[in-house]
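Notes for the one structure printed next.
Numbering of ligands and ligand atoms starts at 1, following listing order.
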Amino acid sequence: MAVLFRPFFSIDDPVWVPALREALGDLDFRVWPDCGDPADITAIVGWEVFPEDRNSWPNLKVILSLRAGVERFLSSPHYPPGVKLVRMIDPGLTEGMREYVAAFVLRFHRDIDRVETDAAAGEWPSSIPVGAAQRTVGFLGFGHLGQACVPVLQPFGFRLRGWSLSKKSVPGVESFTGPESFESFLAGTDILVCLLPLTPETENCLNAHTLGLLPRGAYLINAARGRHLVEGDLIPLLDSGHLGGAALDVFRREPLPAGHPFHAHPKIIVTPHISAITIPQTGALIIRQSLETILGGEDPPGLVDFAKGY
Ligand code: GLV
């Protein structure tokens, strides 16, 4: 049994290779293109699949994704049939998502952008703030990452709700399940946090109709995938005042092109897909644990259900 790493990003060789080498310890670890005998390779670790992956590895059993979102693997024509896929559930990445979501929920809740602009313009208005208990934060996609944000936001007193396809019971969080509850979920959400996996069903789910169901002045945080949002629908909703602001970490095209209207819009905050990055030290240990689980004949956390698409 050998584990092959397929580098993709510039930090892979200096950062990921040593982290994986250390975590995988005694396992036979190889780095593309030094693969040795292709018949030895039973597991691949990486960010993508490549054209050779479909037919080169006769004994490949599993691909371990370094990404939490696996739509690139699932939609690739190069994905080798019959090979299991495991998405990354990394404590380091989860921590990043918690911080990102908390940062923008609080920024929108306290209307920081407006008051900062007012203060810079010499305005010093006094106003009674909206309490956190009057503000509902709704997680669109309430799996591992959404649930991890709950203990961070709960102490402020926000009302919390989560929408997911399968029922989730989390103390203190109102649960909405399935398409029939989607519209009522949106109708009561003041700060919408999209953390959905990207599937054919969820693509374009943030559009003029659905965002129009949010209460007037609501905010959007998209830390999932750019293809969840119909980009052309967002600016009219912001300009009409229906939406109060949007924090976007993901885009249909990344990097977001320099001239894209999102960059210049005063109510849009663009961040460069940094909300939740897999951290080598913690992520490499997860890869090790997943491999051990698989060698023990069991399914690791994050095993992808191909029918569901995550
Ligand atoms: C980041 O976007 C990931 O999927 O891990």
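- A donor-acceptor pair is defined here as one N or O able to donate and one able to accept, closer than 3.5 Å; no such pair exists between the side chain of Arg161 and the backbone of Gly138.
- Identified under the side chain to side chain donor-acceptor pair (under 3.5 Å) test for residues 235-249, with sequence neighbours left out: Asp239-His265, Asp249-Thr271, Asp249-Ser275.
- The pair Glu71-Arg225 counts as a salt bridge, with a side-chain nitrogen and a carboxylate oxygen less than 4.0 angstrom apart.
- Salt bridge Asp53/Arg6: present, at least one basic N to carboxylate O contact under 4.0 Å.
- With sequence neighbours left out, the side chain to side chain contact (heavy atoms under 4.5 Å, CB included) criterion links Glu180 to no other residue.
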Tell me which donor-acceptor pairs under 3.5 Å the side chains of residues 298-310 have, and how far apart each pair is, sequence neighbours excluded?
residue : atom : partner : partner atom : Å
Asp299  : OD1  : Lys84   : NZ           : 3.2
Asp305  : OD1  : Ala307  : N            : 2.9
Asp305  : OD1  : Lys308  : N            : 3.3

Note every protein N or O atom lying under 3.5 Å from an N or O atom of ligand 1, pairing the names and giving the distance.
residue  : atom  : partner : partner atom : Å
ligand 1 : 2 (O) : Arg225  : NH1          : 2.8
ligand 1 : 2 (O) : His273  : NE2          : 2.7
ligand 1 : 4 (O) : Ala68   : N            : 3.2
ligand 1 : 4 (O) : Gly69   : N            : 2.8
ligand 1 : 4 (O) : Arg225  : NH2          : 2.7
ligand 1 : 5 (O) : Ala68   : N            : 2.7

